[in-house]
2 protein chains.
Amino acid sequence: MNILFVMYDQLRFDYLSCAGHPTLQTPHFDRVAKMGVRFTKAYVQSPICGASRMSYYTGRYVSSHGAQWNGFPLRVGEITLGDHLRQAGMACWLLGKTHMKADAKGMARLGLSPDSVIGARQAECGFDAWARDDGLWGQGPDGFYDAKRSPYNEYLKSKGYDGENPWADYANAGVEGDQMASGWMFENADKPANIREEDSETPWLTSQAIDFINQAKGPWCAHVSFIKPHWPYIVPAPYHAMYGTEDIQPVQRDDRELENPHPVLAAYHDIKVADAFRKQEVRDKVIPAYMGLIKQCDDQLGRLLDHLEATDRMKDTMIVLTSDHGDYLGDHWLGEKDFFHEASVKVPMIIYDPRAEADATRGSTCDALVEAIDVAATCVDAAGGDVADHILEGRSLLPWLHGKCPKNWRQVVISEYDYSATPRAAALGVCPRDARMFMVFDGRWKLIHFEGGFRPMLFDLQCDPDEFVDLGDDPAYAGEIAVMYEHLAAWGRRMSQRVTMSDADIDANRGRSARKGILPFLVDGSEVPDALTEKYRGPVRQDYTPD
Amino acid sequence: MNILFVMYDQLRFDYLSCAGHPTLQTPHFDRVAKMGVRFTKAYVQSPICGASRMSYYTGRYVSSHGAQWNGFPLRVGEITLGDHLRQAGMACWLLGKTHMKADAKGMARLGLSPDSVIGARQAECGFDAWARDDGLWGQGPDGFYDAKRSPYNEYLKSKGYDGENPWADYANAGVEGDQMASGWMFENADKPANIREEDSETPWLTSQAIDFINQAKGPWCAHVSFIKPHWPYIVPAPYHAMYGTEDIQPVQRDDRELENPHPVLAAYHDIKVADAFRKQEVRDKVIPAYMGLIKQCDDQLGRLLDHLEATDRMKDTMIVLTSDHGDYLGDHWLGEKDFFHEASVKVPMIIYDPRAEADATRGSTCDALVEAIDVAATCVDAAGGDVADHILEGRSLLPWLHGKCPKNWRQVVISEYDYSATPRAAALGVCPRDARMFMVFDGRWKLIHFEGGFRPMLFDLQCDPDEFVDLGDDPAYAGEIAVMYEHLAAWGRRMSQRVTMSDADIDANRGRSARKGILPFLVDGSEVPDALTEKYRGPVRQDYTPD
């Protein structure tokens, strides 16, 4: 079996027709959902690209792998999906974005060259790169945001798009009169990107995926990782004009959220992107563009699915569709992601398993609490490998796909956010170490704990599914808060770093030292078989002269 | 400045005359205590050799480095004292024992050869090895416990001691008639070891240290790590006969400890070494031998100190004297270590700083809560390095040595014990992951938390300094238990794995992405200086033909 592990960036869980969006039709996402299982309660380990992805790629919580924000390097030697899959005999390829930053200092300390196969994998999160393109070719007074080469920019240049950075000048800009209208400005989101649709980012990466599949010898895992529908919010024709203000869902916000808000939330209310999304004209321009980007993703997914069918590979290819986090789009008075409301922390998770064992669940949904880290365990399980649960903290979803209810499934999901690198830390006067928050959610109660001495927040998603009412300072909920804190404490004591010894190793090694002559607790030796002590008995050695 | 970081193995905190032992005179330990500061509340991160040492050598809690028991490899790439010191311009050498097990799988994954300088450091916990000898050359039906070469056994052979394993046959055996009397059997502990005293382990390693110092160019840190007074409990003449039953302190145990004991403690009551130490004849033989071993350590320490003075190096050599854990010796109905009573988890910690800044504190004691992980931070600080507190979880003790009271000193110490590799896990029916316990101690209350669904234990060391009364199931102490659990939970949420980004890195990087062209939150660009947006403005690009 092969695995197509497709990730979208910043795709909200509810912007798919199979997930209930009333006007955005995504027939190809729906088609995979009909062939597989749609998990309705899938949460990322951090609502920010880099940290979330490092959790997907390591199968470990953010506090376990330590790459807590964008650009925080993943420590050298951290074991990845690629390591696990190669051990199980499956190649593991990257097409598109990882947001990985290599641990250059750590690699230098270990003498690893980025040019070696081993070094390149360390530098690319365990993947072998078919085409790596992180998709944000921002350029400012201090140069490019991303110093790596951009296969996508090279592609555009090869197609005749001129200039140093056609990603910015064509794929992410429209036209206003005779001037570029950059997609960075929300006011330009309604314009068509100044590019042939087939040359835009999503079709380009889809073509890369098709090229990859055409030449690949199995078994393979291909991580096809789209930058879209992530900002810049601008999309080529005809997608720019497919949706209008009538397609915009009512904004999910409430005046109560602004009354005496939690100080950290208040800091998030008080930033540029939140301001922008409070303007009706921003939502009116951005959301149709965002929907257009998703529609383009869906069409390109259709192209990929059709190719799998045409090449008879649908029968032996598992498909995972997910995202690294959502997008507030103005909900809760916020933009972007970075906090723990459902719009941000919950993601689509659709998995198709081609094997007969999964026939019974096709087209169903599963409401179990699922975490992003489960994807790595699922891939290893699907590849026939042993899920090394002393390293991988997620759990395989295959039992759910096969209609079984796994024992002792998790009671809570955990998500984390480190805002130390953001101006919010400075605004709140919080030191980098304390600029961390944790979400614990059991399906009903969502607790948010903040380091740095703040009170917690609490939402009751059963009575308040819109998450408008923060109960965190209401003494009536002290009991619920205490229970959620117990869950968080148990998670804090988890065994996350004993990665060099499996449970099986431990069981197998138990008691072996006695057979290697470690006999510390004998009174006279009669306590154990003679074989264990024979090395310590016999005529006295006398080949030296005592003083 | 140089650093002599001396570790003894299994040396109880109270078996020194400066710490109050009534009959065991240790004038040389006392001499360092008079020159420096004796920390009276120093606790190890785990009361077992391997895990404790990995915490000393990484400056990190056991759950942070993951090498949770003897023989559990320290994960490749884990940053060690040696890495920190070399970065500060100080060499870091090993003489003696580390109990390090290399992560051979991890090294192979990263292509590191154990023969390379980098590989050898990875395999030896970051040290450069002057002489590595882990000191336990046990040999049984399955061969040697330790597959490495033994410089000490080679030394003995060069001195004419014959046979395959003179460590066992001479250094750790006495004579009974014409038969070897192995030191493994407690009944032989009163016999003199069948070896010239100057060839026994402690003098041998002391000579190695003197040789090292004689040739070393500074600045250096030398970890001189003795296997003694660790078992086998046997010592050469004249030390075997220096102490008698009159020197044995009253056993610290109480019948109340056997009434309805905590199930995990009961499992420890029920093992061979506990049985053995309940026999008066075992204590009568072992404890005088243990004291003799310590007395020999003290004499050899004197030799080392005299050498420093004779070579005028006392003025620029910091000295740290400590141990990896204690020894129950029958207290609390237990033998060995492996649990959290003071006899096991508290260690000697004496530090001499030769510099004038430390003059005010010479000969004093310090009652602050100190952890083993503080030693690494102290060494880095003493070497003039920046203490990388995103990696090192301990804190420098230099302020205490210099008569300052550091701000926000820790309120609790944490120690951990993973018993998954012991038969206790099987006896209790606990899976490897749940066979873990945690101690939280604030100077008065000592809470022991057990994974696996057991109740906690609680001792009040103010009212019950002997730790005879377990209050863990007394509802009257629910409040104290809750407070200690809050400390444990806060520790569980600590930031332990963000090792690739310092706080200073984070502060320095904040806000840089805008200057590299990441401008996601602009309505029309007027929100920021023109310089940030100039790359995104200008005449429209037209070097392609839209469809």
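Values below: all heavy atoms of this structure, side chains included; hydrogens, waters and symmetry mates excluded. So you know, we letter chains A, B, ... as the sequences are listed, proteins then strands, and number each from 1. Here the structure is a predicted model, which means the values were calculated and not measured.
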Atom group of [X] that falls short of 4.5 Å from chain B, counting heavy atoms:
| X | answer |
| --- | --- |
| A:Ala173 | neither |
| A:Glu336 | side chain |
| A:Ala189 | neither |
| A:Asp103 | side chain |
| A:Leu112 | side chain |
| A:Glu176 | neither |
| A:Asn70 | neither |

In the structure I gave you, are the side-chain heavy atoms of [X] and [Y] within less than 4.5 Å of one another anywhere?
| X | Y | value |
| --- | --- | --- |
| A:Asp142 | B:Arg512 | no |
| B:Val273 | A:Pro520 | no |
| A:Phe277 | B:Phe521 | no |
| A:Leu519 | B:Met185 | no |

Starting at [atom1] of [X], measure out to [atom2] of [Y] and round the result to the nearest 0.5 Å.
| X | Y | atom1 | atom2 | result |
| --- | --- | --- | --- | --- |
| A:Ile391 | B:Arg75 | CD1 | CZ | 10.5 Å |
| B:Gln497 | A:Glu78 | CD | CD | 8.0 Å |
| B:Asn188 | A:Leu522 | CG | CG | 10.5 Å |
| A:Gln87 | B:Lys105 | CD | NZ | 7.0 Å |
| B:Arg498 | A:Trp69 | CZ | CH2 | 13.0 Å |
| A:Asp524 | B:Glu187 | CG | CD | 5.0 Å |

Chain A contact via [X] - side chain, backbone, both or neither, heavy atoms under 4.5 Å:
| X | answer |
| --- | --- |
| B:Glu416 | neither |
| B:Asp507 | side chain |
| B:Leu488 | side chain |
| B:Ile518 | both |
| B:Ser502 | neither |
| B:Ala67 | neither |
| B:Met495 | both |
| B:His449 | side chain |
| B:Pro232 | neither |
| B:Phe144 | backbone |
| B:Ile118 | side chain |
| B:Ser116 | neither |
| B:Lys285 | neither |
| B:Gln179 | both |

Between B:Asp505 and A:Phe72, is a side-chain contact (heavy atoms from CB on, under 4.5 Å) present by the stated rule, with each step listed?
CA-CA 10 Å; B:Asp505 290 336; A:Phe72 286 26; over 6 Å; no

Pairing of B:Lys516 and A:Asp146 as salt bridge, 4.0 angstrom limit
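Answer for the salt bridge query: no.
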
Taking NZ, NE, NH1 and NH2 as the nitrogens, is one of them in B:Lys535 or A:Asp169 under 4.0 Å from a carboxylate oxygen of the other?
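No, no charged N to carboxylate O under 4.0 Å.
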
Without swapping roles, check the side chain of [X] against the backbone of [Y] for a donor-acceptor pair under 3.5 Å.
| X | Y | value |
| --- | --- | --- |
| A:Thr500 | B:Pro73 | yes |
| A:Arg510 | B:Ser420 | yes |
| A:Tyr536 | B:Gln139 | yes |

Please report the shortest heavy-atom distance between A:Arg433 and B:Asp389, naming the atom on each side.
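The pair with the smallest heavy-atom distance is NH2-O, 2.7 Å.
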
Of the listed residues ([options]), which shares the most heavy-atom pairs with chain B below a 4.5 Å separation?
| options | result |
| --- | --- |
| A:Ser182, A:Pro141, A:Gly492, A:Gly160 | A:Pro141 |
| A:Pro432, A:Ser513, A:Ala104 | A:Pro432 |
| A:Val62, A:Asp199, A:Asp83, A:Val76 | A:Asp83 |

Heavy-atom pairs under 4.5 Å with chain A: which of [options] has the most?
| options | result |
| --- | --- |
| B:Asp162, B:Val175, B:Thr422 | B:Asp162 |
| B:Gly143, B:Ala181, B:Gly174 | B:Gly143 |
| B:Tyr161, B:Phe186, B:Trp184, B:Tyr485 | B:Trp184 |
| B:Arg537, B:Arg436, B:Gln68 | B:Arg436 |
| B:Arg515, B:Glu451, B:Lys279 | B:Arg515 |
| B:Pro539, B:Ala489, B:Gly77 | B:Pro539 |

Write out all pairs satisfying ring pair (Phe, Tyr, Trp, His ring centres under 6.0 Å) with one or both partners inside residues 489-515 of chain B, taking only residues at least two apart or from two chains.
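Of all non-adjacent pairs touching residues 489-515 of chain B, those that pass ring pair (Phe, Tyr, Trp, His ring centres under 6.0 Å) are B:Tyr61-B:Trp491, B:Phe438-B:Trp491.
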
Passes side-chain contact (heavy atoms from CB on, under 4.5 Å), A:Val523 versus B:Lys272? Steps please.
CA-CA 9 Å; A:Val523 174; B:Lys272 211 164 50 182; over 6 Å; no

Neighbour count above 12 (heavy atom, 6.0 Å) for A:Lys159 NZ
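No, because the 6.0 Å sphere around NZ of A:Lys159 holds 12 heavy atoms or fewer from other groups.
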
